[in-house]
Amino acid sequence: MSNKLRYDVIVVGAGPAGLAAATVLAKSGVKVIVIERGRFPGAKNVMGGVFYTDCMKGIVDEFPGKAPVERHVIEERMWLLDDNSHVGITHKNEMFNKEPHNCYTVFRAKLDKWFAGEAEKAGALIINNTVVLEPIVENNKVIGVKTDRPQGDIYANVVIAADGVNSLLSKSLGLRKELKSKDVAIAAKEVIGLNEDIINERFNVKGSEGVTIEITGSFFPGETMGFIYTNKKSVSLGVGMILEDVINSKMNANDLLESMKQHPSIAPLIAGGQTKEFLVHLIPEGGYKEMPKLVMDGFMVVGDAAMMVNSIHREGSNLAITSGRYAAETYLEAAKINDFSENVLKKYIHKLNNSFVIKDLKKYKNLPDLLQKDKRLLQKYPRLLNQAAFELLTVNGIPKKEKEKMIWKTAKKEIGISNMIKDLIKIWRSVK
């Protein structure tokens, strides 16, 4: 192989997981190449837009530094929508104004491009506009990848797959099953331009402070989540639908997003804004139960390719970056003994199992199935809560005691006492 293009490590995909791995490896003097199919890192990458900072420790310690972040989040809201209203909870805390900030709103195209620059400064080589066609396997060990470039075969001790939710590399190696429609969501996101002062006034913040709003409820079909995130001079608004619900409801994410923009609770927040950008992407939602095999001889899987998304807390990029760092650290340990077998690379799994990544994914492993099977959790309960709030807050001469009886009677008719008890038990068991 002396005449062939060779690196110590090949990273496929220049998203957060891949760039984290490349940065850690390059800082340690490893000869690493990152292969990205987009025109530049971030060109094809999309997420809702909230980035948690703790994951950058040990990778880019001075973060955010000159990183292109938008606003630091000081308030998080949760809304349950019906057709005309919402009920919600909120947490706003002055402690979130203290540095280092807990999280920022970001644009992936900008953030990934910056992150790639950090990896390059550390010594990583990033090749754009290049598609990895398949892994090169010899004696059941991954020894490189084939690309769409002329004479584009590249060899390495280890290949790290950071190639996203579809992960063609993992599929071709038989490490993962075909994605099921219940385990992936399609998300539509719109960036709506607004004056900075208008954003501050409408969301009751100042300076670089930001707000996030997570949204679900009977307004949406099936298991659907919406969001609104504040940026410096725009608002990111989006909705994600489980693909199975898209098929069953015959409503696509774009139509649902347009409907959501007209909701009376949402329309005033974006009134007068202009659409600056529209994006669609897939989100892995299967969680812990749908994770692929993560390791084989000469190969590790990280980030979205490994189904590492905590959809309950809308965390993904931080899990991806942490997994990328652990994969890099595992390679460094394997290089010391020049053994890149599955048996040694399993240390990557051990690191993940002892971290928040797997512990959190395990905690919520049953919740995706529960929300899919029991539609009333996101349909009937939000609608009843909105109706109850309206009745209790409407002053019309009816005593509150009678209102409470009416609300309870409606709940028993719509759901039933036994079902309510069962639902509480199922939810408790799913998150304990």
With a 4.0 Å cut-off, would you call Asp82 and Lys380 a salt bridge?
no
Please determine, by modelled atom types, if Asn252 and Asp255 share a side-chain donor-acceptor pair under 3.5 angstrom.
yes
Can you tell me if Asp245 uses its side chain to pair, donor with acceptor, with the backbone of Glu223 under 3.5 Å?
yes
Note: Asp112 and Leu19 closest approach over all heavy atoms is O-CD1, 3.5 Å
Between Ser167 (side chain only) and Asp163 (backbone N and O only), is there a donor and an acceptor less than 3.5 Å apart?
no
One should read off an interatomic distance between Ser430 OG and Leu367 CG, to the nearest 0.5 angstrom, of 5.5 Å
Sub-4.5 Å side-chain heavy-atom contact between Ile136 and Tyr155:
yes
Applying side-chain contact (heavy atoms from CB on, under 4.5 Å) between Val73 and each of Thr230, Thr105, Val205, report the one that passes.
Thr105
Give a yes or no answer on whether the side chain of Ser85 reaches the backbone of Leu81 with a donor-acceptor pair at less than 3.5 Å.
no
Indicate yes or no for a side-chain donor-acceptor contact from Ser249 to the backbone of Pro221 under 3.5 Å, with no hydrogens or angles considered.
no
Relative to each other, are the rings of Trp79 and His86 parallel, tilted or perpendicular (30° and 60° limits)?
parallel
Determine whether a donor-acceptor pair (N or O, by modelled atom type, separation under 3.5 Å) exists between the side chain of Arg37 and the backbone of Asn129.
no
Are side-chain heavy atoms of Met56 and Phe115 found at a separation under 4.5 Å?
yes
Quick one, Glu178 and Lys171 - any side-chain contact, counting heavy atoms below 4.5 Å?
yes
Go through the side-chain N and O atoms of Glu75 and Thr90 and say whether any donor and acceptor fall under 3.5 Å apart.
yes
Over 12 foreign heavy atoms within 6.0 Å of CD1, Ile337:
yes
Using atom types as modelled, flag every donor-acceptor pair under 3.5 Å from a side chain in residues 59-70 to any protein atom, sequence neighbours excluded.
from, atom 1, to, atom 2, distance (Å)
Asp61, OD1, Gly58, N, 2.5
Glu70, OE1, Lys232, N, 2.9

Show the nearest heavy-atom pair for residues Val142 and Pro135, with the distance to one decimal.
CG1-CB, 4.3 Å
When you measure from the side chain of Thr53 to the backbone N and O of Cys103, does any donor-acceptor pair fall under 3.5 Å?
no
Distance flag, aromatic centroids of Tyr331 and Phe340, threshold under 6.0 Å:
yes
Is the shortest distance from a Lys or Arg side-chain nitrogen in Asp183 or Lys289 to a carboxylate oxygen in the other one below 4.0 Å?
no
Of all heavy-atom pairs between Val165 and Leu179, which one has the smallest distance, and what is that distance?
O-CD1, 3.8 Å
Is it true that atom NZ of Lys27 has more than 12 heavy atoms of other residues, nucleotides or ligands lying nearer than 6.0 Å?
yes
Within this structure, what is the CG-CD1 distance for the pair Leu25 and Ile33, rounded to the nearest 0.5 Å?
13.0 Å
What donor-acceptor contacts under 3.5 angstrom involve side-chain atoms of residues 358-365, with partners at least two apart or in another chain?
from, atom 1, to, atom 2, distance (Å)
Lys363, NZ, Val431, O, 2.3
Tyr364, OH, His313, NE2, 2.7

Which is it for Met291 and Met308 under the side-chain contact (heavy atoms from CB on, under 4.5 Å) test, yes or no, and what are the steps along the way?
CA-CA 8 Å; Met291 289 180 69; Met308 292 181 194; 4.0 Å; yes
side-chain contact (heavy atoms from CB on, under 4.5 Å), that's the test. Do Glu333 and Lys347 meet it? Break it down for me.
CA-CA 9 Å; Glu333 293 170 15; Lys347 291 180 180 179; 3.3 Å; yes
Walk me through whether Ser236 and Asn231 qualify under side-chain hydrogen bond (donor to acceptor under 3.5 Å, both in side chains).
CA-CA 7 Å; Ser236 294; Asn231 307 309; 2.9 Å; yes
Scan Tyr229, Trp114, Phe51 and name whichever one has a side-chain contact (heavy atoms from CB on, under 4.5 Å) with Val106.
Phe51
Derivation and outcome, side-chain hydrogen bond (donor to acceptor under 3.5 Å, both in side chains), residues Asn102 and His72
CA-CA 7 Å; Asn102 179 52; His72 68 276; over 6 Å; no
Report yes if some heavy atom in the side chain of Ile35 is under 4.5 Å from a heavy atom in the side chain of Val145; otherwise report no.
yes
Just by distance, do the side chain of Asn157 and the backbone of Gly298 share a donor-acceptor pair under 3.5 Å?
no
Which heavy atom of Glu315 sits nearest a heavy atom of Tyr52, and at what distance?
CG-CE1, 3.9 Å
Is Lys375 atom NZ crowded by more than 12 heavy atoms from other residues, nucleotides or ligands, each under 6.0 Å away?
yes
With sequence neighbours left out, write down each residue that passes side chain to side chain donor-acceptor pair (under 3.5 Å) with Asp374, or none if nothing qualifies.
Lys426
Side-chain contact test, heavy atoms from C-beta onward, threshold under 4.5 Å: evaluate it for Ile266 versus Met260 and give yes or no.
yes
Answer yes or no: are there more than 12 heavy-atom neighbours, outside Asn343 itself, under 6.0 Å from its atom CG?
no
Side chain to side chain, Leu294 and Met300, heavy atoms closer than 4.5 Å:
no
Examine distances only and state if a side-chain atom of Asn139 and a backbone atom of Lys141 form a donor-acceptor pair shorter than 3.5 Å.
no
Would you say Asp297's side chain and Ser341's backbone share a donor-acceptor pair under 3.5 angstrom?
no
With a 4.0 Å cut-off on N to O distance, would you call Glu209 and Arg71 a salt bridge?
no
d(Asn310 CG, Phe356 CZ) to nearest 0.5 Å is 9.0 Å
Using every non-hydrogen atom in the two residues, find where Ala22 and Val34 come nearest and quote the distance to one decimal.
CB-CG2, 3.4 Å
From CE (Met225) to CZ (Phe220), nearest 0.5 Å:
8.5 Å
State, with a plain yes or no, whether a side-chain heavy atom of Ile186 is found less than 4.5 Å away from one of Val280.
yes
Polar side-chain atom of Glu99 near backbone of His101 as donor-acceptor pair, under 3.5 Å
no
Between the side chains of Arg314 and Thr212, does any donor sit under 3.5 Å from an acceptor?
yes
Might you confirm whether atom NZ of Lys110 has over 12 heavy atoms from other residues, nucleotides or ligands at distances under 6.0 Å?
no
Side-chain donor-acceptor contact under 3.5 Å, Thr23 with Glu118:
no
Note: Glu285-Lys182 ion pair, threshold 4.0 Å (strictly below):
no
Kindly compute the distance separating CD (Glu76) from CG (Asn93), expressed to the nearest 0.5 Å.
10.5 Å
Taking atom CZ of Phe227 as the centre, report whether more than 12 heavy atoms of other residues, nucleotides or ligands fall under 6.0 Å from it.
yes
Salt-bridge criterion met for Glu190 and Lys261 (N-O under 4.0 Å)
yes
Take Glu414 and Arg383 through the salt bridge (Lys or Arg N to Asp or Glu O under 4.0 Å) test and state the conclusion after the steps.
CA-CA 10 Å; Glu414 290 282 326; Arg383 185 174 66 253; 3.3 Å; yes
Tell me, do Val32 and Val11 make a side-chain contact under 4.5 Å, heavy atoms counted?
yes
